[in-house]
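Counting starts at 1 for both ligands and their atoms, following the listed order. These numbers were taken from a predicted model, which means no experiment stands behind them.
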Amino acid sequence: MIEFVKLKRQYDLFAQEYEEAALRAMRSGWYIMGNELKEFESEFANFVGAKYCIGVNSGLDALIMAIRALEIGPGDEVIVPANTYIASVLGITEHGATPVFVEPDEYDCIDPSKIEAAITSRTKAILPVHLYGQSADMEAICAIAKKHNLYVVEDCAQSHGALDRGKMTGTFGDIGCFSFYPTKPLGALGDSGALVTDNSVLAEKLFKLRNYGSGKKYVNEMTGKNSRLDEIQAAFLKVGLKHLEEGNSYRRHIAQRYLSEIKNPLVQLPRERENGYHVFHVFALKSKDRDKLQAYLLKNGIQSLIHYPIPPHLQACYQELGYKEGDFPISERFAKEELSLPIYMGLPEEEVSQIIDAINRFKGE
Ligand SMILES: *Cc1c(COP(=O)(O)O)cnc(C)c1O
């Protein structure tokens, strides 16, 4: 069986470094908010090219805290792609703000030409998602935000190291939100996430928010959370960051093979923006025969996944928003046609060849 992802293979590539990092963190005797976190935050800020990095518990917490730090709440609207992972939307609704969905472009990211029609007097921010590891069209999005005086919060949970016109995702907007869930381009060996920003006022607020709203022990200026990135995960992330670019280029190599060697009229391959750097967290193809293709691949010993089968506006948890099937036809079609192929550091070339051969033999039944 060719599994969709086999993290053990990735771990084995750098096992010694991970094990040394774990021992170092364990033997330090300091487990929360110590040197490992400080060093990782500084290394990650440096890598992204942002002034501040604030480590937190998860990518969802990063999104929740970004919206909170911008003081967006009930009565406010945030523009978000209709074809994203639920967490992008949960970050908005956690504070009682209203998500306003916009359809994707042909690169699977929010379509800038449809954003202005969604702006109202209540709009406070645009939340683009660099879906599958490819940057949204940030030049166009930031121009719209500037014109309408809106914040930009980037969901970079899938785009560590991805570029738009040479600039790193996470540095275009007011705040960039990252997840380090184990399968992400930069993954911990557990949950964690981070925010990046150049704004010192926002950074100071975020440093407090993750720690009960307190900058000084037992002095609370706001009601915060406990959302800290622990020392052992920070130590793992320092190892992962060292190998991030290696992983990104290996996934790009596999993507290049899929793009040039898959030749089947029943399959539509993903498009890469010309002046971007796509890190292929997900290799997302589309097919009208998606369900048959997935079953066929499984019969041939190949696992695939769907990112994502139900768009947020049709999820039961958002029933009260009052959307129905047909409201966002492009996103709904993507949910029916999208299929993700295995792509990760440690995936052997022979398995890539088997996947390509199997897809090329698929006849639609
Ligand atoms: C993974 C992911 C998140 C959430 O990150 P967690 O660390 O799992 O909370 C948010 N947005 C997108 C687009 C993601 O892929």
Atoms of ligand 1 close to [X] [distance to a heavy atom under 4.0 angstrom, numbered from 1]:
{"X": "A157", "answer": "2 (C), 3 (C), 10 (C), 11 (N), 12 (C), 14 (C), 15 (O)"}
{"X": "S58", "answer": "7 (O), 9 (O)"}
{"X": "L60", "answer": "4 (C), 5 (O), 6 (P), 9 (O)"}
{"X": "V129", "answer": "13 (C)"}
{"X": "G59", "answer": "5 (O), 6 (P), 7 (O), 9 (O)"}

For [X] and [Y], which heavy atoms make the closest approach, and how far apart are they?
{"X": "E71", "Y": "K205", "result": "OE2-NZ, 2.7 Å"}
{"X": "P112", "Y": "I144", "result": "O-CD1, 3.4 Å"}
{"X": "L186", "Y": "L241", "result": "CD1-N, 3.4 Å"}
{"X": "F40", "Y": "A234", "result": "CB-O, 4.0 Å"}

Just need the protein heavy atom nearest to [atom], so name the residue and atom and give the distance.
{"atom": "atom 13 (C) of ligand 1", "answer": "D155 OD2, 3.4 Å"}
{"atom": "atom 8 (O) of ligand 1", "answer": "S179 OG, 4.0 Å"}
{"atom": "atom 10 (C) of ligand 1", "answer": "A87 CB, 3.4 Å"}
{"atom": "atom 15 (O) of ligand 1", "answer": "Q158 NE2, 2.8 Å"}

*Going through the distances and angles, do E116 and H148 end up as a side chain to side chain donor-acceptor pair (under 3.5 Å)?*
CA-CA 9 Å; E116 279 194 298; H148 296 270; 2.5 Å; yes
*With a 4.0 Å cut-off on heavy atoms, is K184 touching ligand 1?*
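A heavy atom of K184 does come that close to ligand 1.
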*Do T197 and D174 come within less than 4.5 Å of each other through their side chains, counting heavy atoms only?*
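A side-chain contact under 4.5 Å is absent here.
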*asked:* Quick one: does any side-chain atom of S340 pair with a main-chain N or O of V282 as donor and acceptor, under 3.5 Å?
replied: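 Side chain of S340 to backbone of V282, a donor-acceptor pair under 3.5 Å: no, none is there.
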*Counting only heavy atoms, which portion of D61 has something under 4.0 Å from ligand 1: side chain, backbone, both, or neither?*
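Under 4.0 Å from ligand 1, D61 contributes no heavy atoms.
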*Regarding K124 and the six-membered ring of Y151, is the cationic atom NZ or CZ under 6.0 Å from the ring centre and inside 45° of its axis?*
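Negative - K124 is either too far from the ring of Y151 or too far off its axis.
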